[in-house]
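Notes to accompany the following structure.
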Amino acid sequence: MASTTALPATGSGLIVSFGEMLIDFVPTVSGVSLAEAPGFLKAPGGAPANVAIAVSRLGGKSAFVGKLGDDEFGHMLAGILKENNVVADGIAFDEGARTALAFVTLRSDGEREFMFYRNPSADMLLKPEDLNLDLIRSAKVFHYGSISLIVEPCRSAHVKAMEVAKEAGCLLSYDPNLRLPLWPSAEEARKQILSIWEKADVIKVSDNELEFLTGSDKIDYASALSLWHPNLKLLLVTLGEHGSRYYTKKFHGQVDGFRVDTVDTTGAGDSFVGALLCKIVDDHSILEDEARLREVIKFANACGAITTIKKGAIPALPAEHEALKLINGA
């Protein structure tokens, strides 16, 4: 029956992503540690910025809110957003701090290793008064992660932006995007990630994040439901190549993933989120209609899978026709 349901159109409502944008330095050779890498390529990154570009690439309307260093890398990143048709009116520049850098390698065992340069970086210094509140209020969906909760003043800016978005009637979308090396401790990460949990309407976690937040090694119904809160409309658990599970007040299930030749998983979750948001932005009733929601999640799974075929997040984010080609097996 579900196969007769058409994929909803991409909406025209504005999706605002809030948080960090940085430069990932990726080794020129695969499967080595950072110390062994002979050289590095610079790749624009940062989960909220990836989501903004993912939405735009799929024909949606997106904006980014965050702070960059008033340096060459910061202006380069702002330029990349504009080139990708992301509204950049929410970007502030800090004259005293650098744009964040991250060295990322995909080890031979397939796991990613991170080393961050943020002491403090510009994104951490975003203040509540730096926020473009009119831009946030004009959004239909407000999306964010948890890295912006680690230190002040960015944490206060994050909380303020969420409050303004909620008051304006935005759908709040949360992808914690756990990066343990950035937090003082695992306990602090868990506490802060959960501190804003009950504000979100849509939450996406990976299987690893589910295990981290629940303290259970089971990826099952009981484990997912332990993270449920009364205001939540949709909880998604991504399972890598095995697709994703979805939980709502009335129904739950799993949508299988797509098998592809994976090169680099960076940005796959952000691509998934962008795909989901641009399909529900104008029609939140999809969240209560299982057949339509399954079609959207299948599309999001396809977008996530395609993103793993190329190195780097932003260059690998797909257009809609590429995702449909994968879904239709062409």
Side-chain angles (χ1 to χ4, degrees), residues 8 10-19 47-48 51-52 54-55 58 60-65 90 131 133 135-149 157-178 192-206 209-210 213-214 224-238 244-253 255 269-297 299-300:
T10 294
S12 59
L14 180 65
I15 297 165
V16 170
S17 281
F18 172 92
V51 169
V55 167
L58 292 166
K61 191 175 170 197
S62 66
F64 176 75
V65 172
L131 294 169
L133 298 180
L135 180 66
I136 293 168
R137 288 188 188 104
S138 69
K140 287 264 191 81
V141 172
F142 184 70
H143 174 75
Y144 47 89
S146 71
I147 288 171
S148 38
L149 297 173
H158 183 139
V159 172
K160 165 92 173 170
M162 268 173 45
E163 283 168 0
V164 168
K166 193 77 172 172
E167 279 166 20
C170 294
L171 186 83
L172 265 51
S173 161
Y174 185 20
D175 175 358
N177 207 33
L178 178 68
Q192 295 298 353
I193 285 170
L194 293 173
S195 72
I196 60 166
W197 197 257
E198 301 201 347
K199 301 271 194 279
D201 301 298
V202 174
I203 296 176
K204 174 252 165 196
V205 289
S206 67
E209 288 161 350
L210 182 71
L213 292 169
T214 59
L225 282 204
S226 70
L227 291 177
W228 189 261
H229 69 76
N231 303 319
L232 195 55
K233 294 183 170 74
L234 173 65
L235 173 66
L236 292 154
V237 182
T238 53
S244 37
R245 292 190 184 148
Y246 57 91
Y247 303 86
T248 74
K249 286 188 181 75
K250 294 183 181 150
F251 52 78
H252 63 93
V255 180
D270 305 324
S271 182
F272 175 93
V273 170
L276 176 94
L277 295 180
C278 74
K279 294 298 181 187
I280 65 170
V281 60
D282 288 352
D283 186 359
H284 301 171
S285 73
I286 291 168
L287 301 174
E288 292 158 25
D289 179 338
E290 189 168 13
R292 285 158 76 213
L293 182 62
R294 286 182 66 88
E295 286 300 310
V296 168
I297 293 171
F299 175 72

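All values reported here derive from a predicted model rather than from experimental measurement. Positions are given from 1 along the sequence.
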For this session: Work out which heavy atom in Leu287 is nearest to a heavy atom in Leu171; give both atom names and the distance.
Result: CD1-CD1, 4.4 Å
Problem set entry | NE2-CD distance between His158 and Glu163, expressed to the nearest 0.5 angstrom | 10.5 Å
Seminar exercise, completed: One should read off an interatomic distance between Ser138 OG and Leu133 CG, to the nearest 0.5 angstrom, of 11.0 Å
Problem set entry | Lys204 side-chain N/O to Phe272 backbone N/O, donor-acceptor pair under 3.5 Å | no
For this session: State the CZ-CD1 distance between Arg245 and Ile297, to the nearest 0.5 angstrom.
Result: 12.5 Å
Problem set entry | Under 3.5 Å donor-acceptor, Tyr174 side chain and Ile193 backbone | yes
Exercise. Is a side-chain donor or acceptor of His252 paired with a backbone partner of Leu235 at a separation under 3.5 angstrom?
Worked result: no
Exercise. Leu227 and Leu232: side chain to side chain contact (heavy atoms under 4.5 Å, CB included), yes or no, with the steps?
Worked result: CA-CA 10 Å; Leu227 291 177; Leu232 195 55; over 6 Å; no
Problem set entry | Name of the residue among Ile203, Leu293, Ile286 meeting side-chain contact (heavy atoms from CB on, under 4.5 Å) with Leu234 | Leu293
Exercise. Any side-chain heavy atom of Val164 sitting closer than 4.5 Å to one from Leu131?
Worked result: no
Seminar exercise, completed: What one should report as the nearest heavy-atom pair of Asn177 and Ala47 is ND2-CB, 2.9 Å
Exercise. If you look at every heavy atom in Ile280 and His284, which pair is closest and at what distance?
Worked result: O-CD2, 3.1 Å
Problem set entry | Carboxylate-amine/guanidinium proximity below 4.0 Å for Asp201 and Lys166 | yes
Exercise. With a 4.5 Å heavy-atom cut-off, do Val273 and Val55 have their side chains touching?
Worked result: no
Seminar exercise, completed: Tightest non-hydrogen contact, residues Gly145 and Ile196, listed as O-CD1, 4.5 Å
Exercise. Can you find a pair of side-chain heavy atoms, one from Asp283 and one from Pro8, that are under 4.5 Å apart?
Worked result: no
For this session: Kindly indicate, with the supporting measurements, whether the criterion side chain to side chain contact (heavy atoms under 4.5 Å, CB included) is fulfilled by Leu276 and Val202.
Result: CA-CA 10 Å; Leu276 176 94; Val202 174; 4.1 Å; yes
Exercise. Just wondering, are more than 12 heavy atoms of other shown residues or ligands nearer than 6.0 Å to NZ in Lys61?
Worked result: no
Exercise. Do His143 and Phe18 make the cut of ring centroids closer than 6.0 angstrom?
Worked result: no
Exercise. Do we see a donor-acceptor contact under 3.5 Å between the side chains of Lys279 and Thr10?
Worked result: yes
Exercise. With no hydrogens and no angle check, is any side-chain donor or acceptor of Ser17 less than 3.5 Å from a backbone partner on Pro48?
Worked result: yes
For this session: Say whether, by atom type as modelled, one donor and one acceptor occur between the side chain of Asp282 and the main chain of Ser12 under 3.5 angstrom.
Result: yes
Exercise. Can you tell me how far the CD1 atom of Ile15 sits from the CZ atom of Phe64, to the nearest 0.5 Å?
Worked result: 15.0 Å
Problem set entry | Heavy-atom pair with the smallest gap, counting every atom of Pro176 and Ser146 | O-OG, 2.6 Å
Exercise. Which is it for Trp197 and Leu194 under the side chain to side chain contact (heavy atoms under 4.5 Å, CB included) test, yes or no, and what are the steps along the way?
Worked result: CA-CA 5 Å; Trp197 197 257; Leu194 293 173; 3.8 Å; yes
Problem set entry | Spacing of CE belonging to Met162 relative to CD1 belonging to Ile136, to within rounding of 0.5 Å | 11.5 Å
For this session: Carefully, step by step, assess Leu58 and Phe299 under the rule side chain to side chain contact (heavy atoms under 4.5 Å, CB included).
Result: CA-CA 11 Å; Leu58 292 166; Phe299 175 72; 3.8 Å; yes
For this session: Answer yes or no: is there a donor N or O on one side and an acceptor on the other, between the side chain of Glu209 and the main chain of Ser206, under 3.5 Å?
Result: yes
Exercise. Do you know which two heavy atoms are closest between Ser62 and Ala52, and how far apart they sit?
Worked result: OG-O, 2.6 Å
Problem set entry | Atom pair CD/CG of Glu198 and Leu172 - distance to nearest 0.5 Å | 13.5 Å
